[in-house]
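I'd like to ask you about the structure that follows.
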Amino acid sequence: MSQFGMDCFDQETVARYRSIYASSKPKSPWNQDSTEDFLYHIGALAKGRDSFLHPTQAGLLAFGYEYEITNYLLQYLLDYRGDFGQSSLGRQGGVPER
């Protein structure tokens, strides 16, 4: 995936993931890493043949912008379903009962 750089990642999504990761693994040495090093350690970036870091397919799917994902995976359909936990109606998933 040498045609992509870190600019294909949504930095807000990366920051949210880092926050969740740090909360769940507070003693991980990766929490002190730069963003680039952190993404390398979790497998979202890998060294290409040109010796530069490029997104992995997993990294692109986890943190990439829709345009870059669908440009790379032409048949990919990006679908999102949020899980909002316990709804005010007392049901899991935030969908009211009928």
Side-chain angles (χ1 to χ4, degrees):
M1 297 192 45
S2 60
Q3 70 269 37
F4 295 110
M6 268 194 51
D7 58 339
C8 75
F9 287 160
D10 180 348
Q11 294 304 312
E12 185 179 321
T13 302
V14 171
R16 280 196 312 253
Y17 180 79
R18 284 197 79 168
S19 177
I20 293 166
Y21 183 91
S23 294
S24 67
K25 299 180 183 204
K27 294 183 180 184
S28 173
W30 298 347
N31 291 330
Q32 306 307 315
D33 284 350
S34 68
T35 299
E36 191 173 84
D37 288 343
F38 177 78
L39 293 170
Y40 176 78
H41 282 125
I42 66 167
L45 290 175
K47 193 172 285 191
R49 291 182 181 164
D50 60 2
S51 297
F52 292 104
L53 292 175
H54 299 283
T56 61
Q57 188 168 338
L60 182 65
L61 291 172
F63 304 114
Y65 290 107
E66 179 181 7
Y67 177 79
E68 279 81 3
I69 295 170
T70 56
N71 187 38
Y72 180 71
L73 301 168
L74 300 177
Q75 300 299 319
Y76 188 77
L77 173 63
L78 191 60
D79 189 14
Y80 174 80
R81 180 174 294 164
D83 182 6
F84 302 104
Q86 192 74 16
S87 75
S88 60
L89 298 175
R91 249 185 110 216
Q92 290 284 356
V95 179
E97 292 183 37
R98 292 184 182 207

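What's counted below: heavy atoms across the whole structure, side chains too, no hydrogens, waters or symmetry copies.
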Nearest non-hydrogen partners of Leu53 and Lys47, listed with the distance: CD2-N, 3.7 Å
Nearest 0.5 Å please: distance from the CD atom of Glu68 over to the CG atom of Asp10. 10.0 Å
Shortest non-hydrogen contact between Leu45 and Glu36, atoms and distance: CD1-O, 3.6 Å
Sub-3.5 Å donor-acceptor pair from the side chain of Thr56 to the main-chain atoms of Gly43, do we have one? yes
Would you find more than 12 non-hydrogen atoms of other residues, nucleotides or ligands less than 6.0 Å from Tyr40 atom OH? no
With rounding to the nearest 0.5 angstrom, report the OG1 to CZ distance, Thr35 to Phe63. 10.5 Å
Could you report the tightest heavy-atom contact between Asp33 and Arg18, atom names first, then the distance? O-NH2, 2.8 Å
If you look at every heavy atom in Asp7 and Tyr65, which pair is closest and at what distance? O-CE1, 3.7 Å
For the backbone of Ser19 and the side chain of Ser23, can you confirm whether one donor and one acceptor N or O come within less than 3.5 Å of each other? yes
What's the shortest heavy-atom distance between Cys8 and Leu60, and which atoms? SG-CD1, 3.8 Å
Specify whether Phe38 and Tyr21 have parallel, tilted or perpendicular ring planes, treating 30° as the upper limit for parallel and 60° as the lower limit for perpendicular. perpendicular
So His54 and Phe52, would you call those rings parallel, tilted or perpendicular, with 30° and 60° as cut-offs? perpendicular
Minimum heavy-atom separation for Phe9 and Pro55, please, with both atom names. CZ-CB, 3.6 Å
